[in-house]
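Numbers restart at 1 for each chain; the letters A, B, ... are given by sequence-line order, proteins then strands.
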Number of protein chains: 2
Amino acid sequence: MATIRDVAKLAGVGVGTVSRVLSGKGSVSSKTLLKVNHAMEVLSFKPNIAARSLVSKKINTIGIWGTETSGEINRNTLRKIESELKPFDVHLIFSDGELNSKQNPSAARDSFDSLINKGCDGIIIWGSDLPAREILQIENEFSDITLLNNRVELIDDKCFYFDHYQAGYVCGQYLIDKGHRDIACITGWFKVYDGNQRHQGFMNAMNDNHVDIPEELIFEGDYTFKKGYEGALDLLKQDKPFTALFCGNDQSAMSAIAAITGKGLDVPNDISVMGYDDMNIATYTSPPLTTVRIPFNRMAVAATRRLLNGCYDLDLKVDCDFPVELIERKSVINL
Amino acid sequence: MATIRDVAKLAGVGVGTVSRVLSGKGSVSSKTLLKVNHAMEVLSFKPNIAARSLVSKKINTIGIWGTETSGEINRNTLRKIESELKPFDVHLIFSDGELNSKQNPSAARDSFDSLINKGCDGIIIWGSDLPAREILQIENEFSDITLLNNRVELIDDKCFYFDHYQAGYVCGQYLIDKGHRDIACITGWFKVYDGNQRHQGFMNAMNDNHVDIPEELIFEGDYTFKKGYEGALDLLKQDKPFTALFCGNDQSAMSAIAAITGKGLDVPNDISVMGYDDMNIATYTSPPLTTVRIPFNRMAVAATRRLLNGCYDLDLKVDCDFPVELIERKSVINL
DNA sequence: GTCTAAAATGGAACCGGTTCCAATGATATT
DNA sequence: AATATCATTGGAACCGGTTCCATTTTAGAC
């Protein structure tokens with residue numbers, strides 16, 4: 001591998017000049033520019049990233065951490081984040097919480113520390129798997145973080161979250177507007193910020209419309225296919241008929257539909273089912289899923305830009321408008 | 001940030017000694033060890049990755065490239081790869097082909113080069129988006145690569161692929177064993193190694209059993225929900241009734257089922273549908289999907305270990321046994 | 001107590017960039 | 001022609017680790 005000194009020698013200039021050509025900063029005469037570029041070409045010179053990082057104290061890499069880095073929606077969002085980073089030649093590394101964080105908080109912290117040890121310039125923390133206390137501590141000793149889909153007071157400017165309360169409310173109101181009064185739900189994960197919020201929003205919509213949901217018709221899920229399936233079976237076993245089912249996400253809605261159909265009932269004619277997320281597949285389920293679209297991509301872009309601004313002293317525009325959008329398909333009928 | 005010299009000074013030793021403690025190589029007396037560890041603790045010393053890389057010529061990062069880094073199955077596999085890397089403190093960076101490679105081959109190559117420029121120690125190329133010629137050239141000037149789910153002669157030892165031909169054959173034979181003779185298919189992407197292979201395997205099973213599939217009942221898909229849906233509608237429009245439908249992957253199978261159901265037909269009673277991949281959701285569709293499980297995780301582990309061995313001079317065991325497994329659920333009936 | 005081999009240690013040199021300053025050269029001004 | 005100003009340039013010093021070698025210390029053998 002050719003070094004900057006090899007280039008300098010071949011071009012008959014000093015290393016400083018080569019460095020100036022490389023960075024485009026400082027002035028270089030057009031004659032020298034030509035010589036240097038030619039020498040770089042001949043030697044097929046590639047600057048050594050490590051040497052550069054050693055001086056600049058930047059490794060041009062940001063990390064992303066959190067259980068929510070799985071699943072289809074999230075994968076799309078990761079891609080979006082990558083494309084935001086690409087113009088600045090910044091790369092993304094993952095450290096995936098999901099495998100361990102739910103069961104094992106110290107492993108979660110370990111996988112987080114592996115990002116810090118790697119020396120990432122900044123970290124996006126996705127979701128609410130780390131307790132606020134710990135996040136604040138991290139923010140303290142390692143300031144360049146942003147939170148995605150989580151909210152921690154005191155560092156609100158670094159948090160990019162969606163109003164899941166309102167979205168939950170919209171879902172509840174929608175089912176009621178459609179004439180449903182006997183309603184069940186398979187919730188998300190209560191321990192998690194957004195699961196909690198959306199359930200509260202939904203329940204408040206019920207309250208405001210004087211609709212009462214009996215305890216037995218609330219099944220605590222965890223967003224997985226498995227729990228959606230089991231949840232639906234459980235709800236059907238209760239002695240409380242219902243005409244609509246609100247699910248914490250599309251995955252559980254889809255598997256709930258499978259369970260309901262498996263029992264010989266029809267969706268939506270016997271039971272309407274509403275999802276939450278709007279995955280790609282939601283258009284192609286049977287029936288196509290009525291759901292709510294969360295602007296994860298917009299949120300992710302905002303979080304990423306905020307982080308880039310912080311890490312690399314940039315001034316990118318950060319758009320913080322995250323509208324809810326209800327997507328009507330065929331899984332909910334008018335009673 | 002404390003440096004190794006700060007630690008040395010505080011501990012009253014030379015920098016060489018601190019380095020020896022850090023690496024665990026070379027001999028250090030237990031007394032000195034204690035002093036140094038204490039000093040590192042006090043200063044909360046963290047070695048600078050860039051400085052280390054500058055000397056070692058390793059950045060402890062490997063890249064992964066390819067359109068197939070999307071989707072659910074693949075996300076699981078990525079996770080598996082990460083967990084293989086973690087013990088060696090190696091990180092994974094992505095450069096995602098999908099956004100551009102299908103339409104725009106030069107952008108594909110660009111995103112690949114961004115991995116090389118980053119200075120990855122090695123690269124996993126997933127899928128067959130780059131032409132063999134280009135892969136060979138890359139292998140030549142940047143030797144540490146492995147191929148996942150693709151095969152290129154001349155570097156067969158670096159290729160980890162599955163026998164999609166045989167798996168396709170198994171699928172075909174299975175439908176025939178179940179008594180089906182009027183069979184349609186929505187294929188995968190022919191341009192891609194595995195899509196091609198599996199279709200040929202399937203067709204040869206047909207041939208060997210003297211079953212003829214008319215041209216009109218072969219729809220060329222591309223693995224997406226969209227094409228699965230459209231494909232099923234297209235096949236139903238033809239004037240050729242069929243009792244079974246073989247799909248190139250689970251995604252198209254799922255959306256094909258939605259399309260068939262939408263037309264008032266029943267799966268599996270009117271038409272049996274067979275998938276390929278065994279995604280998580282396949283258990284929870286209605287009906288649950290009969291499909292074939294591809295041992296992507298095993299393949300990925302093998303490819304990763306092979307790469308680690310090459311990059312870091314390790315000697316990990318590479319297991320190259322990739323068995324097919326047919327998963328019988330409810331979407332195919334005995335005629 | 002002496003000698004020898006092995007263990008332990010300090011520190012200079014190095015990895016390959018960037019930065020900064022002093023020196024040189026070119027152009028404009030009077 | 002002399003001087004001021006500014007563009008251009010070379011190269012030493014530096015970033016923070018690792019490596020290697022010369023030197024010192026220790027342990028073991030007699």
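B:S19 places no side-chain N or O within 3.5 Å of a backbone atom of B:V15 that could act as its donor or acceptor partner. Panel note: side chain A:T224, backbone A:D222; no donor-acceptor pair is recorded below 3.5 Å. Looking only at distances, a side-chain donor or acceptor of B:N309 sits under 3.5 Å from a matching main-chain atom of B:L316.
If one axis is set at each end of the helix from C:dG1-D:dC30 to C:dT30-D:dA1 from five pairs, those axes are 40° apart, to 10°.
For A:D113, the side-chain hydrogen bond (donor to acceptor under 3.5 Å, both in side chains) partners at least two apart in sequence or on another chain are A:R109. Take B:S114 and apply the side-chain hydrogen bond (donor to acceptor under 3.5 Å, both in side chains) test, not counting sequence neighbours, and it matches no residue.
At the heavy-atom level, A:G119 lies nowhere under 4.0 Å from the strands shown. Contacts of B:V28 with the nucleic acid, taken as non-hydrogen atoms under 4.0 Å apart, involve only primed sugar atoms and P, OP1 or OP2. Residue contacts shown for B:T3 are limited to sugar-phosphate atoms, with no base heavy atom under 4.0 Å away.
Residue B:G16 is the one, among A:G16 and B:G16, whose nearest nucleotide of DNA chain C lies closer to the 5' end (criterion: closest heavy atom). Comparing A:S19 and B:S27 against DNA chain C, the residue whose closest nucleotide sits nearer the 5' end is B:S27. For the pair A:R5 and B:K25, nearest-nucleotide mapping onto DNA chain D gives the more 5' position to A:R5.
Between D:dT9 and A:S29, a contact under 4.0 Å exists linking OP1 or OP2 to a side-chain N or O.
Between A:Y193 and A:Y161, the angle of the ring planes goes over 60°, which puts this pair in the perpendicular group of the 30/60° scheme.
Nucleotides of DNA chain C lying under 4.0 Å from heavy atoms of chain A occupy a range whose first and last members, 5' to 3', are C:dG16 to C:dC20.
Residues B:K86 and A:S111 bring no donor and acceptor atom of their side chains to less than 3.5 Å of each other. When only modelled atom types and interatomic distance are considered, A:K118 and B:T61 share a side-chain donor-acceptor pair under 3.5 Å.
Among residue pairs with one or both ends in residues 21-40 of chain A, none qualify as salt bridge (Lys or Arg N to Asp or Glu O under 4.0 Å); sequence neighbours excluded.
When side chains are defined from C-beta on, A:M299 does not count as touching A:T77, because their heavy atoms never get closer than 4.5 Å.
Listed by residue number, the members of residues 46-56 of chain A with any heavy atom below 4.0 angstrom from DNA chain C are A:K46, A:P47, A:N48, A:A51, A:R52, A:L54, A:V55.
Note: CG (A:L33) to P (D:dA7) measures 17 Å, nearest angstrom.
Between A:D319 and A:R305 no salt bridge is recorded (no basic side-chain N to carboxylate O distance below 4.0 Å).
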